[in-house]
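Following: one structure in structure tokens, then a few remarks.
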Protein chains: 4
Amino acid sequence: MTLRVLVWNENKHESRGDAHVNELYPEGIHGAIAEGLRGLLGDEAVVNTATLQEPEHGLTQEVLDHTDVLLWWGHIGHDEVADEVVDRVYRRVHEGMGLIVLHSGHYSKIFTRLMGTTCSLKWRGDGERELVWTVDPRHPIAAGVPSPIVIPEQEMYGEFFDIPEPDELVFISNFAGGEVFRSGVTYRRGNGRVFYFSPGDQEFPVYHQPEIRRVLANGVRWAAPVADNLPLTADYHATGWFEQ
Amino acid sequence: MTLRVLVWNENKHESRGDAHVNELYPEGIHGAIAEGLRGLLGDEAVVNTATLQEPEHGLTQEVLDHTDVLLWWGHIGHDEVADEVVDRVYRRVHEGMGLIVLHSGHYSKIFTRLMGTTCSLKWRGDGERELVWTVDPRHPIAAGVPSPIVIPEQEMYGEFFDIPEPDELVFISNFAGGEVFRSGVTYRRGNGRVFYFSPGDQEFPVYHQPEIRRVLANGVRWAAPVADNLPLTADYHATGWFEQ
Amino acid sequence: MTLRVLVWNENKHESRGDAHVNELYPEGIHGAIAEGLRGLLGDEAVVNTATLQEPEHGLTQEVLDHTDVLLWWGHIGHDEVADEVVDRVYRRVHEGMGLIVLHSGHYSKIFTRLMGTTCSLKWRGDGERELVWTVDPRHPIAAGVPSPIVIPEQEMYGEFFDIPEPDELVFISNFAGGEVFRSGVTYRRGNGRVFYFSPGDQEFPVYHQPEIRRVLANGVRWAAPVADNLPLTADYHATGWFEQ
Amino acid sequence: MTLRVLVWNENKHESRGDAHVNELYPEGIHGAIAEGLRGLLGDEAVVNTATLQEPEHGLTQEVLDHTDVLLWWGHIGHDEVADEVVDRVYRRVHEGMGLIVLHSGHYSKIFTRLMGTTCSLKWRGDGERELVWTVDPRHPIAAGVPSPIVIPEQEMYGEFFDIPEPDELVFISNFAGGEVFRSGVTYRRGNGRVFYFSPGDQEFPVYHQPEIRRVLANGVRWAAPVADNLPLTADYHATGWFEQ
């Protein structure tokens, strides 16, 4: 069955014309991510994009109902995302839609709401080297990924990262300035799977790196819904309901 | 240092005069819980109560700022809890206040918000036997607690319980009708500790049982804030900030 | 790629002629398990069997080197398994071979060695009803498995089960006598995956139940090795070894 | 109740006269660790030491029976530790004795046996800077510990570290050469608690650093046995044994 993938981007840096961002990502960050996924997933997936600027941010109920895995990139526009749309995405994750939250999306409404924590962290934008180490080498998201991934220039994200204890800790990053960061973590929320992956910034060409694209393609496969999702309702069950 | 404990109850069954509830809990569910905590914690804690009916539900910023551990009992009044008060409690948990959520509080605004899941479950109110088994016998919440705790009559709560993977699974319950339930689970959220414990219902005298009171007293001790909570903000940190 | 599956059984009850066991399992417990796997996995897997009575218990280095997933059933013959063979299986798990330990295999040399705990539990052989509940409905081992699985008659295994905190808790069982048991748990050990599943006993026809066979087939798929296992050695790495 | 703490050291580098080690640790590594614990724990604990060279390595059954928390430092003498003594320590951990394994003790017989994995890792002895970051700031082992701890010169230990998924991940280290390491991890094994902490090497004065001593003192408190340990035996339990 073909996976229906949607790459969402706030598209603020791009649409307001940040020169460096436009140069690095002429098709937008969403465009670069989508290109990477199409290249690696091929016929396995149909990859579309949507942005904040579209009506309902391109995330109508109908679009979401036909999305298996949603990728989320946001930074300076978190507050502009309508609460109603966030509610919709939140419910769809519970129903089984996979969600991959990228980089500064740690502070998005949807991620903090799914986590129940502040998702705060330390940061520094000096363009220093990030090394992404695999600490769960059997995890499908790490398949075919070198350890470490060397990212020559990146924004630093450092601990303490205020997230719930991850279900699975897949990657830990080392920054040249000395910080560490739990850069690849997974969670289950309702029927849905959530993967947060921190590498990737508007100022650096991270989403053009083949290894990063490999992680995202693996993430899409991993987060795909399973066939038989459970209804998540509080229901009365009479004694012996499971016996007929 | 004396622990400042606050037992919050929606107090709906009691205040509207449900006869059976009034008989079981003449001082309210909050009264019974507070009595149990006072008996077991003695000088270790000052135990107060608050209810939905009070101004700001008895949960003003000042009250919360002087609360170390909050216990929460709600059932039919979840919707009546003001969002502003929920925001306040949410922030205080992140700052380090402990939170113990009881029984039907699984569906409260504060618990679902801290969890990021639906917290749905199966239920049945036939007054059947619940056995609460310890599966983490070294956990401080299980100290001095018999395994199993025998609760002669209880409401059934059954799996699938839609919660995040617990940080620690302390208790699992067996119901006479055949269901199981993860009845004692812990989480960290920001600087705060959260303990959910399902036994306890308005229709049964569960909060008068010494073993249940022991679990709650242990829970209060476990959830107490630590001395040096972290500020949870996203701050710029220049290279080498940690070296002086 | 075809999975190479080996079902190992101590084959003690069968070979010494326990009448009831021979009636329930005319081809041995290993025969019944293998039959179930063949039926569900079809061309995906080649399923062989081996027993304690064979030279080197049928677990020569060569056999293990050509095994992707090993299933292990033992009960009264744990002590008869040669330490050298256990060492061999232990190393193969670290290299990436999947291992599925069944029922009374909780006390086998290989399982206790991989766990580092006593793996002790409570038990009772009264043939009471076991209900196996799914608590991780998205887990691939739970795919297509009803919750609960109803096992009309089973040996009781009860908590406290002295195992390490599971990586994933997939199933919890309820016994008619009141006990609960973490009946489906997973672990990673080195490159290998380990799944312990408790339902199944020589006195009851559990391994003929379609739902149990479904769990085992799912388990085999889940435990299969990944392509690129890591060498697990302590090696010197010069500064900058990851840069060329 | 006074904690009975025993610091065990293979004492090989010291006893064979490695000049640099003798200069850094004139009383042996065990002496430096014991001194640190005595200074911080005061009347809370009685701290003794034992070494490989003593009869039964100083770990007779009687000594172990009167030990609440054992610290273990080993490097080049792992093979010289008698299996019988390892068995003894292993059983005492299951009975409830706390165990703190230090640095190159990752390859000791007792640690690999409790873990069930190879415990392999990458290493390099260039004396580079290690920064130890707290990722579980509420954990009692992290109380009063700065994040990061700055260790000016240390041996590098790098991922992939082949350990079971930790129950709790308390510290992650960053090395100047670019590696990361899960440097503080906890496990429960039977009734006992196990804490592995990697900083500390015979070539560097790490065990003289106040912050490292604080971690070890916190670790001792955390690993102390609880009052009512469970017997870990597989026992028959008749139906209704829990009702009298």
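In what follows, every heavy atom counts, from backbone to side chain, and hydrogens, waters and symmetry copies are set aside. Order of the sequence lines fixes the chain letters, A, B, ..., with proteins taken first and strands second; residue numbering starts at 1 for each chain. Please read these numbers as outputs of a predicted model, since none were measured by experiment.
Using a 4.5 Å cut-off between heavy atoms, C/Thr233 touches chain D through its backbone atoms (N, CA, C, O) alone. Proximity to chain D (any heavy atom under 4.5 Å) is shown, for C/Ala176, by neither the backbone nor the side chain. Both the backbone and the side chain of C/Leu114 come within contact range of chain D, each with at least one heavy atom under 4.5 Å from a heavy atom of that chain. Looking at C/Asp126, only its side chain comes within 4.5 Å of chain D, counting heavy atoms on both sides. The contact between C/Tyr107 and chain D is made entirely by side chain atoms (from C-beta outward), counting heavy-atom distances below 4.5 Å.
Looking only at distances, no side-chain donor or acceptor of D/His57 sits under 3.5 Å from a matching main-chain atom of D/Glu10.
The neighbour count for D/Glu62 CD, taken as heavy atoms of other residues, nucleotides or ligands under 6.0 Å away, does not exceed 12.
Taken from CD1 in D/Ile76 to CG in D/Asp18, the straight-line distance is 6.5 Å, to the nearest 0.5 Å.
Aromatic ring centres of D/Tyr157 and D/His103: separated by under 6.0 Å.
Contacts with chain C were tallied for D/Met156, D/Glu179, D/Glu128; D/Glu179 has the most, counting heavy-atom pairs under 4.5 Å. Options D/Lys122, D/His106, D/Arg91, D/Glu243 differ in how many heavy-atom pairs under 4.5 Å they form with chain C, and the most are formed by D/Lys122. Here D/His94 is the residue among D/Met115, D/Arg113, D/His94 with the most heavy-atom pairs under 4.5 Å with chain C.
For the ring-ring contact (aromatic ring centres under 6.0 Å, His included) criterion with D/Phe181, the lone passing option out of D/Phe197, D/Phe161, D/Phe171 is D/Phe161.
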